[in-house]
Amino acid sequence: MAEPSSTAATAATAATAATAATAATASTADPPAPVTKSWADEADEETNNTSTAESESSSINLEALTIDDKEKNSSKFLDDPDDSNIQAVTSGDTPYTSAARFEDLSLSPELLKGLYVEMKFEKPSKIQAISLPMILSPPHRDLIAQAHNGSGKTTCFVLGMLSRVDPKVQAPQALCVCPTRELAIQNVEVLRRMGKYTGIASECLVRLDRDAVHVSKRAPIMAQVVIGTPGTIKKFISFKKLGTSRLKILVFDEADQMLAQEGFRDDSLKIMKDIEKDNKKCQVLLFSATFNDTVKNFISRTVKMDHNKLFVKKEELSLDAVKQYKVYCPDELAKIDVIKDYIFEIGENVGQTIIFMATRDSARLLHQALVNLGYEVTSIQGSLSNEERDKVVKEFKDGLTQVLISTDILARGFDQQQVNLVINYNLPNKHSLRDEPDYEVYLHRVGRAGRFGRKGAVFNLICDENDERLMSKIENHFGTCVTEVRAQSVEEYKAALKEAGLLQ
DNA sequence: AAAAAAG
């Protein structure tokens, strides 16, 4: 199946390039849109306590956002009962109209062409329809936005950056901070594709190679959009190679991790403060699939008082499209047997697989063990060199490798549509508490499968009481049932994958 | 006890 890879998802796969191209040039009435897939962008009840931070906030329903659906009765978008559950809290009295079409967003023709021709998008996904008007219309309020994995968050902020930047001004006007090198590179690639016809320049600021020119000897950045990781961005700002005075928009991808105490909080706050020094009105966008209550609380005090926000209920985040299984293994060593004897036996035909590991060493060792047994697998973890990391990711994205062993370096944001199977070799747990799961990491790992609303499956390998405790806590937290697979025959696994919709 | 970035 020939499909565009590494794109943020929208509901628009079905569009052919031909019809999309016509739509890009003619802003006349669109043909009736096909039925939109439901993206499980869902409701939230938890936001009632967070809205106390701003007394003038008004909570609005999606129905209230739909003003002209009589005219666009072809669009089931905002009326779809499964799909009308994002909780939007807007600040002040600025009215926002959900964008049923990209044409509703006053985008430049060049940007529309990028969306239709290069990205082959047809119309905004749920989160895009709601968040883009908030991002793009004055007074450009800060935004905290949560949306389901694979629902098109990247497009929201990439489009926001491309749209707000003035291509005639040769200075950084949009900055995006990401937790990993891989995610920064992926986001830049999306931005370059989407902005292909705009003439907007971009620069990716990630850890430099040892033999690279030192920052102090570099020319200042002229590119309008800069995407990178915290350390390198801080470095460029402190060496005055990244000017902050012209920045109009600052994005934190995986914002909960970027602003978590145990994450990148210090770096992120430093970057925010550096920008504030000479720039009072830079719009801040915070995007993630997950915001636990602690970080949500901190974040709402970090952004400007009059921010907008979009939240999803945690029970609704667990992916209906991805079927979750648990496999009881007698001991740690038996996990390798489960992988080679069962999962590899049937996994070849179901697309690509990512195996998540707890540590760099265990990733390296499992890789070695499987290679010694004659299996073709690759692995990635933070102790590899830049070149090795880039090579492993590229090979996987190009479909040259089928099985990738990874630490949580790829747990968030990594977008490869052909990944249908995720193996949790270990369940993720909080670093301080061995018997407390890291629900956010679990959700992000699971979200590597089932991109774009596709089918997917997760096998959680379980071998002791602690694993069982973690598993049941995860089930409770997301309100989902994780089905047991007995590690006794290939047939059991086949049945599981059939049930998940991955096998006929 | 760890992963991530980066020093």
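Below, chains carry the letters A, B, ... as their sequence lines are ordered, and counting in each starts from 1. Note that the coordinates shown come from a computational prediction; the quantities given were computed from them, not determined experimentally.
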note: Asp267(A), atom CG; dA4(B), atom P; distance rounded to Å ~ 15 Å
Q) Can you check whether Thr407(A) has a side-chain N or O nearer than 4.0 Å to OP1 or OP2 of dA4(B)? A) yes
Residues passing the ring pair (Phe, Tyr, Trp, His ring centres under 6.0 Å) test with Phe396(A), sequence neighbours excluded, are none
Heavy atoms only, 4.0 Å cut-off, all strands: where does Glu262(A) land among base, sugar-phosphate and nothing?
base
Practice problem: Have a look at Lys234(A) and say if it touches a base, only the backbone sugar-phosphate, or nothing, with a 4.0 Å heavy-atom cut-off. | Solution: nothing
Out of dA2(B), dA6(B), dA4(B), minimum distance to the side chain of Thr180(A) belongs to dA4(B)
Checking dA4(B), dA5(B), dG7(B) against the side chain of Arg389(A) (C-beta onward), the nearest is dA5(B)
- Does a donor on one side chain and an acceptor on the other come within less than 3.5 Å for Gln283(A) and Arg164(A)? yes
Can you tell me if NZ on Lys241(A) sees more than 12 non-hydrogen neighbours from other groups inside 6.0 Å? yes
Rounded to whole Å, the CD1-C1' distance (Ile380(A) to dA3(B)) equals 12 Å
Base, sugar-phosphate alone, or nothing: which one does Leu205(A) contact when heavy atoms must sit under 4.0 Å apart? nothing
Check your understanding: OP1, OP2 of dA4(B) versus side-chain N and O of Arg360(A): anything below 4.0 Å?
Key -> yes
Whole-Å distance, Gln381(A) CD to dA2(B) P, equals 14 Å
To the nearest angstrom, the CZ-C1' distance between Arg412(A) and dA5(B) comes to 15 Å
Taken to the nearest whole Å, NE2/His214(A) to P/dG7(B) is 8 Å
Any side-chain N or O of Lys235(A) less than 4.0 Å from the OP1 or OP2 oxygen of dG7(B)?
-> yes
Next item on the list: Determine the contact category for Arg434(A): base if any of its heavy atoms lies under 4.0 Å from a base atom, sugar-phosphate if only primed atoms, P, OP1 or OP2 are that close, otherwise nothing.
Entry: base
With a 3.5 Å cut-off and just heavy-atom distances, do the side chain of Asn429(A) and the base of dA1(B) make a donor-acceptor pair? yes
Rounded to whole Å, the CG-P distance (Asp361(A) to dA3(B)) equals 8 Å
Ile409(A) atom CD1 is separated from dA2(B) atom P, nearest whole Å, by 16 Å
Original post:
Do Arg141(A) and Asp306(A) meet the salt-bridge criterion of a basic N to acidic O distance under 4.0 Å?
Top reply: yes
Open item on the list: With side chain to side chain contact (heavy atoms under 4.5 Å, CB included) as the criterion, how do Asn187(A) and Phe157(A) come out once you've worked through the C-alpha distance, each side chain's angles and the decisive distance to 0.1 Å?
Closed with: CA-CA 10 Å; Asn187(A) 286 338; Phe157(A) 62 76; 4.0 Å; yes
Taken to the nearest whole Å, CZ/Phe356(A) to C1'/dA2(B) is 15 Å
